[in-house]
Protein chains: 2
Amino acid sequence: MVSQRPGPNLSRIATSLGVSVATVSNALSGKGRVSDALIEKIRAHAAELGYVPSQAGRALRTGRSGVLGLVLPDIANPLFPKIAQAIESAASAAGYGVLIADSRGDITAQTEAINRLVERGVDGMVVVPRRATRISAASCPVAVIDTASTPGNTVAADHWQGGREIAAHLADLGHRRILIIGNNHESNVQNDRAGGIRSGLQPGMQSETLWIERLENEAGAGCRLGLAEKVRRGFTAFAALSDLQALRALTELQQEGISVPGDVSVTGFDDLIWSSVVTPSLTTVRMDMDTIAEIAVSALTDRISESGTREGVLVTAETERVPMQLIIRQSSGPANPAQKTSEMENR
Amino acid sequence: MVSQRPGPNLSRIATSLGVSVATVSNALSGKGRVSDALIEKIRAHAAELGYVPSQAGRALRTGRSGVLGLVLPDIANPLFPKIAQAIESAASAAGYGVLIADSRGDITAQTEAINRLVERGVDGMVVVPRRATRISAASCPVAVIDTASTPGNTVAADHWQGGREIAAHLADLGHRRILIIGNNHESNVQNDRAGGIRSGLQPGMQSETLWIERLENEAGAGCRLGLAEKVRRGFTAFAALSDLQALRALTELQQEGISVPGDVSVTGFDDLIWSSVVTPSLTTVRMDMDTIAEIAVSALTDRISESGTREGVLVTAETERVPMQLIIRQSSGPANPAQKTSEMENR
DNA sequence: TGCACTTGCTTAAACGATTAAGCTTGGCGC
DNA sequence: GCGCCAAGCTTAATCGTTTAAGCAAGTGCA
């Protein structure tokens with residue numbers, strides 16, 4: 001009734017060579033005691049037959065599925081492609097598959113998604129939470145990728161340092177009044193980035209912070225940010241906490257006839273797909289997602305192979321912060337002399 | 001040695017209730033002959049113990065893993081979040097998990113990724129190819145999501161009709177000279193979209209097509225598209241074949257001091273994340289990814305449950321084209337009267 | 001009463017891999 | 001020559017589920 005797996009299995013190889021399945025298994029895994037000659041013979045025959053081990057059989061016996069789960073509460077996040085790519089790459093290098101779970105931004109659906117992954121028998125999970133979400137209901141090792149200030153965080157980009165890079169860059173260019181543009185003031189990532197920027201300001205520099213979500217609560221979604229007014233008030237640099245907000249700022253400024261980087265500078269975060277494509281191309285800060293993913297995955301696989309010490313589900317890694325890299329493009333330039341003078345007068 | 005699955009299994013429930021495992025299995029699946037009273041009792045006890053069936057055991061017995069693979073040769077594609085979300089949603093509604101595979105744009109790595117999925121024992125795969133790629137090496141049902149003109153395509157958005165929607169919209173606004181902006185002229189999707197636009201032009205309208213990849217081969221990556229020159233030559237509308245190109249066009253025009261939609265109109269495709277956020281927000285065409293995913297997944301699951309008729313691996317669906325929806329925002333407006341007059345003179 | 005048939009359960013055999021334990025054989029030391 | 005040990009293989013149990021087959025008891029009918 002059920003279509004049998006067509007490929008050859010251990011027992012077919014065994015009978016075909018006149019040996020036992022155990023010997024074949026040992027030869028292929030290199031574990032037991034099998035003579036070199038026989039190992040060679042078995043491996044050759046297995047390759048010839050195109051043998052692929054059944055994950056189901058292996059999983060049933062070993063209790064390991066060889067699959068990791070990837071949970072992103074906000075899968076519509078434009079960062080998702082990079083994260084998924086990096087995790088998948090790191091996982092498959094470690095011999096694991098990646099099962100995705102989505103909760104469409106819904107917090108309650110997140111635990112449901114996690115449960116689905118557990119039911120599917122994942123050996124571990126990588127979770128990228130949006131807000132501070134408690135990850136507790138999972139009965140397998142969990143690696144959290146958020147930001148260093150999040151309790152229980154496993155590994156993440158050094159968002160704080162990224163912010164300092166931005167601040168140093170803008171300071172070098174002579175900017176004095178900086179508007180930080182964020183989306184949500186409850187986001188740990190955005191707070192760390194903003195904090196990094198503020199901590200990197202030189203004496204004589206000042207910043208204000210604009211949270212778009214707050215603004216939209218009053219003025220409606222998709223409203224103008226009122227950046228032209230900010231320019232009139234002497235802001236010469238707009239440091240967005242994500243490239244999406246940087247794009248929003250850039251196009252609004254352009255629409256108002258304000259030149260970037262001639263009149264003001266705009267910077268972003270994350271080096272998203274469009275950063276290099278827009279005019280002017282966006283100065284931004286890139287996170288080393290490949291390294292982060294590698295650390296997260298190896299922390300998981302380490303824990304999985306130990307499997308004796310069950311000291312809580314959250315795993316930890318040696319390196320908790322991975323440096324971010326400043327990418328200087330066209331959207332940032334020297335502060336406009338006119339603004340600079342008015343700034344000089346202010347002192 | 002191996003950490004046993006902690007949860008209860010069939011036999012634990014069975015011994016605990018003093019019945020056989022087969023009865024428990026039958027009661028939970030509702031398949032065999034079990035009295036209603038016992039079914040009730042078994043289900044209650046299973047729920048109480050928090051029983052979750054072992055996918056490994058089930059997979060081994062049935063030969064089905066309950067997992068679908070998702071292959072995207074170009075996972076960095078900004079469409080990926082929507083696709084992954086839609087597929088995951090449709091799959092989990094059908095009781096399947098989704099395993100992702102990436103090939104980082106590499107064609108040879110694609111077959112490797114497909115093989116990894118097959119080795120993991122997926123019951124079927126959804127493949128979204130970038131160019132015309134032959135999907136043959138898979139030993140399981142495959143659904144292809146590309147475009148109607150691709151041979152072997154299972155289901156896709158009606159890109160041609162989407163192009164006609166754009167053309168009709170621009171015609172209504174009085175535009176007569178339209179520049180179609182695409183990335184790659186070998187992409188089936190982009191060709192269908194461009195063809196749709198051209199076929200929807202009214203008498204008296206004309207179009208040219210600009211392929212960015214060709215331009216960049218000569219002028220270098222990230223070069224200007226020279227749209228200001230096109231405006232001078234009388235183009236009043238720029239119809240990009242993807243929102244990414246639309247964004248590139250929009251920002252370049254703004255940088256040149258050309259007003260959108262005051263002087264010229266810009267439209268895109270796909271309704272990507274930034275379309276509603278930029279100023280002016282992008283008029284675009286959205287594909288109904290949820291419906292497409294649902295059709296693709298149910299085509300797969302149908303084939304999987306038949307499992308007798310092995311008439312090739314590529315599955316087909318009744319509905320092959322899913323309509324696209326025009327989203328009118330701020331980036332498209334009436335053709336500039338000045339341009340219109342010069343156009344009138346041309347007649 | 002005897003036969004067929006249904007109901008409700010159990011027994012047991014798979015699926016494919018891993019692995020502990022057992023069994024020969026041969027070599028080596030004393 | 002005897003015992004011991006290692007090498008090289010086999011035997012057999014096991015993971016958890018599904019499902020065909022079997023079996024006892026009850027029901028309906030002639």
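First the proteins, then the strands, lettered A, B, ... as listed; each starts at 1.
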Chi angles and distances behind the side chain to side chain contact (heavy atoms under 4.5 Å, CB included) call for Val71(B), Ile114(B): CA-CA 7 Å; Val71(B) 184; Ile114(B) 290 180; 4.2 Å; yes
From the options [options], select the nucleotide whose nearest atom is closest to the side chain of [X].
X        : options                   : answer
Ala22(A) : dT10(D), dA13(C), dC9(D)  : dT10(D)
Asn26(B) : dC9(C), dT19(D), dC9(D)   : dT19(D)
Val19(A) : dT10(C), dT10(D), dG16(D) : dT10(D)
Arg33(B) : dC9(D), dG22(D), dT18(D)  : dG22(D)
Leu10(A) : dA17(C), dC9(C), dT19(C)  : dA17(C)

Is [X] close enough to [N] that one of its side-chain N or O atoms is under 4.0 Å from OP1 or OP2 there?
X        : N       : answer
Ser25(B) : dT18(D) : yes
Ser54(B) : dT17(D) : no
Lys31(B) : dT18(D) : no
Arg58(B) : dT18(D) : yes
Ser35(B) : dC9(C)  : yes
Thr23(A) : dC9(D)  : no
Ser20(A) : dT10(D) : yes

Could you check how far [atom1] of [X] sits from [atom2] of [N], rounded to whole Å?
X        : N       : atom1 : atom2 : result
Arg64(A) : dT19(C) : CZ    : C1'   : 14 Å
Leu60(A) : dT18(C) : CG    : P     : 12 Å
Glu40(B) : dG8(C)  : CD    : C1'   : 17 Å
Arg61(B) : dT17(D) : CZ    : P     : 13 Å
Ile42(B) : dC9(C)  : CD1   : C1'   : 10 Å
Ile39(A) : dA7(D)  : CD1   : C1'   : 12 Å
Asn9(B)  : dT14(D) : CG    : P     : 14 Å
Ile13(A) : dG16(C) : CD1   : P     : 12 Å

Taking the side chain as every heavy atom from C-beta outward, state whether [X] and [Y] have any atom pair closer than 4.5 Å.
X         : Y         : value
Pro78(A)  : Pro81(B)  : no
Arg33(B)  : Asn26(B)  : no
Glu112(A) : Thr108(A) : no
Asp102(B) : Phe80(B)  : no
Arg116(A) : Ser92(B)  : yes

Out of Val67(A), Val122(A), Leu68(A), Ile100(A), which one pairs with Leu117(A) under the side chain to side chain contact (heavy atoms under 4.5 Å, CB included) rule? Val122(A)
Want to settle it: does Asp36(A) or Ser11(B) sit nearer the 5' end of DNA chain D, counting the closest nucleotide to each? Asp36(A)
Do Asn153(B) and Thr150(B) pass the side chain to side chain donor-acceptor pair (under 3.5 Å) test, and can you show the C-alpha distance, the side-chain angles, and the key distance before you say yes or no? CA-CA 5 Å; Asn153(B) 188 65; Thr150(B) 302; 5.2 Å; no
If you assign each of Gly57(B) and Leu38(B) to its closest nucleotide in DNA chain C, which residue comes earlier from the 5' end? Leu38(B)
Compute the bend angle of the helix from dT1(C)-dA30(D) to dC30(C)-dG1(D) from the end axes (five pairs per end), rounded to 10°. 50°
